[in-house]
2 protein chains.
Amino acid sequence: MARAGLAPAAVVAAAADLADEVGLSNVTMGLLAGRLGVRAPSLYKHVESQADLHRRIAVLALTELGDALRDGLQGRAGKDALAAAAWTMRGYVVGHPGRYAATVRLDTEEPDDPLAAAGARVLDSLGAVLAGYDVEERDAIHAMRMLRSLMHGFAVLEAAGGFQMEADVDESFTWIVDFLDRGLRDGTRGRPAV
Amino acid sequence: MARAGLAPAAVVAAAADLADEVGLSNVTMGLLAGRLGVRAPSLYKHVESQADLHRRIAVLALTELGDALRDGLQGRAGKDALAAAAWTMRGYVVGHPGRYAATVRLDTEEPDDPLAAAGARVLDSLGAVLAGYDVEERDAIHAMRMLRSLMHGFAVLEAAGGFQMEADVDESFTWIVDFLDRGLRDGTRGRPAV
DNA sequence: AGGTTATGGCTAACAACGTTAGCCAAGGAG
DNA sequence: CTCCTTGGCTAACGTTGTTAGCCATAACCT
């Protein structure tokens, strides 16, 4: 039996692409094997389990997102950086819904080194955005959680079709970024003049 | 064979409770049947499928959340209402992770009447919160999406253990509510004085 | 009360899916 | 070249969701 020349990375990449096409939950080991020209049991020579596969897709997604953020934030600060980070993140989720879905878990997970490292890199980029706002140290963690919640929540709701076609979603996103920018500039420096 | 006296509502309630205990994805038809004292195939006399069951759990969750919001918002306006809505929503998610998970879908779903109606009720409550802020009509949809994104995102990240024990999560939430309040008071009335 | 109909249990069976065990051949190392 | 490793495969198994059909319970009607 001639070897298909697979490697773990190729398996994960194919699974990620398939996830983006048909949705993560519809990626069966059988479907993936067919895409790669082998039989399902052969996949276990390259990944441990379906759970392992999903974890690896998540690492890939966060790595790609981290790269995109690093690139998108080059030479930007303040509102530019905030907007760039927000749009980068949203663009990634819109373009790779299956990949992103692998990073989403409601159930508690044990931290894996590659996953934690990739996730930390994404957080670092968001931290850099906040650093440009002169946020007080004691507020930084709160602001960070807010940014993450908002970006994640928006992406997930949008991907789920949660926003009806009543208004331009891009416009809403721009409005939200403006809102964040204003609040971060003023709110963390004390009360604005009323 | 004596009848267990089940009804669709009882089946859904039991499934929802079980989901909150063990996580939605761990609720198998077999596990639920055992909880109810019947065999798995018998469940199909009461619900159409597992997907139908999940949809019904989602309706239950949104109905309960809608009730909680209605109650929590009674006699409140402005920041009080905002805080009440935010804490109500978060409290619901924390207390019923399995139920809430049923409302979360990355895949596009056909709108079901009961689900849409229950969801609309939750949105109406959030809309009422915004109405107390004198938000300009053209901004209302954007502000609404922001609120939903933030609350949803925060709840999901928290439930997934996304916030390490570096700082008090309640404190972050309070900070975020303050941020929103300030922004909604000032941001929608023009630029604050710099 | 008795007979008929509707319905809710059950078991057996099936399909789909993830996974393991073991065989065999391809490919790499010495 | 020989030997060892590894990556394909098939067969098989366990789990899960679901369907078909049987039988008994419960509801309804006379």
Side-chain angles (χ1 to χ4, degrees), chain A residues 1-60 98 101-102 104-107 109-110 112, chain B residues 1-60 98 101-102 104-107 109-110 112:
Chain A
M1 166 63 57
R3 301 199 166 181
L6 299 182
V11 172
V12 174
D17 289 344
L18 209 41
D20 286 341
E21 292 166 33
V22 302
L24 183 65
S25 60
N26 294 322
V27 178
T28 62
M29 302 306 265
L31 190 66
L32 176 59
R35 171 64 68 92
L36 291 165
V38 297
R39 294 305 179 96
S42 307
L43 296 179
Y44 295 87
K45 300 292 186 181
H46 305 283
V47 294
E48 281 180 36
S49 62
Q50 197 185 46
D52 179 42
L53 181 63
H54 284 182
R55 191 161 54 240
R56 289 166 183 268
I57 294 175
V59 172
L60 175 67
V104 181
R105 299 292 177 108
L106 262 189
D107 298 331
E109 297 281 345
E110 293 294 332
D112 287 315
Chain B
M1 165 65 56
R3 298 197 170 185
L6 299 182
V11 172
V12 174
D17 290 344
L18 208 41
D20 285 341
E21 291 167 33
V22 304
L24 184 65
S25 60
N26 294 322
V27 178
T28 61
M29 300 307 265
L31 189 66
L32 176 58
R35 172 62 71 88
L36 291 165
V38 297
R39 294 306 178 95
S42 306
L43 297 178
Y44 295 88
K45 300 291 187 182
H46 305 283
V47 294
E48 281 180 38
S49 62
Q50 197 185 49
D52 179 43
L53 182 62
H54 284 182
R55 192 161 52 240
R56 289 166 182 268
I57 294 175
V59 171
L60 176 66
V104 181
R105 299 291 178 105
L106 260 186
D107 296 331
E109 296 280 347
E110 292 294 331
D112 286 314

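Convention: sequence-line order gives letters A, B, ...; per-chain numbering from 1. Note that this is a predicted model, so its numbers are computed, not measured.
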Item checked: Non-hydrogen side-chain atoms of A/Met29 and A/Leu53 separated by less than 4.5 Å ->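 When only atoms from C-beta onward are counted, A/Leu53 and A/Met29 do touch, with a gap below 4.5 Å.
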Margin query: What I'd like to find out is whether the side chain of A/Leu6 reaches to under 4.5 Å of the side chain of A/Lys45, using heavy atoms alone.
Written below: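 Answer no - side chains too far apart.
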Check: Among residues 6-17 of chain A, which residues get a heavy atom nearer than 4.0 Å to DNA chain C?
Finding: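 The stretch gives none, as no residue of it lies under 4.0 Å from the strand.
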Next item on the list: Go through residues 33-49 of chain B and report each residue with a non-hydrogen atom lying under 4.0 Å from DNA chain C, sorted by number.
Entry: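 Hits under 4.0 Å, by residue number: B/Val38, B/Arg39, B/Pro41, B/Ser42, B/Lys45, B/His46.
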Report the distance from atom [atom1] of [X] to atom [atom2] of [N], rounded to the nearest whole Å.
| X | N | atom1 | atom2 | result |
| --- | --- | --- | --- | --- |
| B/Gln50 | C/dA16 | CD | P | 17 Å |
| B/Met29 | C/dC14 | CE | P | 21 Å |
| A/Met1 | D/dG8 | CE | C1' | 6 Å |
| A/Leu24 | C/dC17 | CG | C1' | 15 Å |

Check: Would you find more than 12 non-hydrogen atoms of other residues, nucleotides or ligands less than 6.0 Å from A/Glu21 atom CD?
Finding: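 Check passes, neighbour count above 12.
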Check: A/Ala58 and A/Ala102: which non-hydrogen atoms are nearest, and at how many Å?
Finding: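 Closest approach of A/Ala58 to A/Ala102: CB-O, 3.5 Å.
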Checklist line | Exercise: identify the closest heavy-atom pair between B/Ala15 and B/Ile57 | finding: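 So the two residues come closest at CB-CD1, 3.8 Å.
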Margin query: Taking donor-acceptor contacts at under 3.5 Å, does the side chain of B/Arg3 reach the base of D/dA26?
Written below: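 Counting by modelled atom types and ignoring angles, no donor-acceptor contact under 3.5 Å is found here.
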Item checked: With B/Leu36, the side-chain contact (heavy atoms from CB on, under 4.5 Å) member among B/Leu18, B/Leu31, B/Val11 ->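 By the side-chain contact (heavy atoms from CB on, under 4.5 Å) criterion, B/Leu36 pairs with just one of B/Leu18, B/Leu31, B/Val11: B/Val11.
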Margin query: If I take atom OG from residue B/Ser49 and atom CZ from residue B/Arg55, how far apart are they, to the nearest 0.5 angstrom?
Written below: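 Answer for the OG-CZ pair, B/Ser49 versus B/Arg55, is 6.5 Å.
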Next item on the list: Would you give the length of the straight line joining atom CG of A/Asp52 to atom NE2 of A/His46, rounded to the nearest 0.5 angstrom?
Entry: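 One gets 12.5 Å once the value is rounded to the nearest 0.5 Å.
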Notebook entry, point to check: Of B/Ala2 and B/Val27, whose nearest nucleotide on DNA chain D comes first from the 5' end?
Noted result: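 Checking each residue's closest nucleotide, the 5'-ward one belongs to B/Val27.
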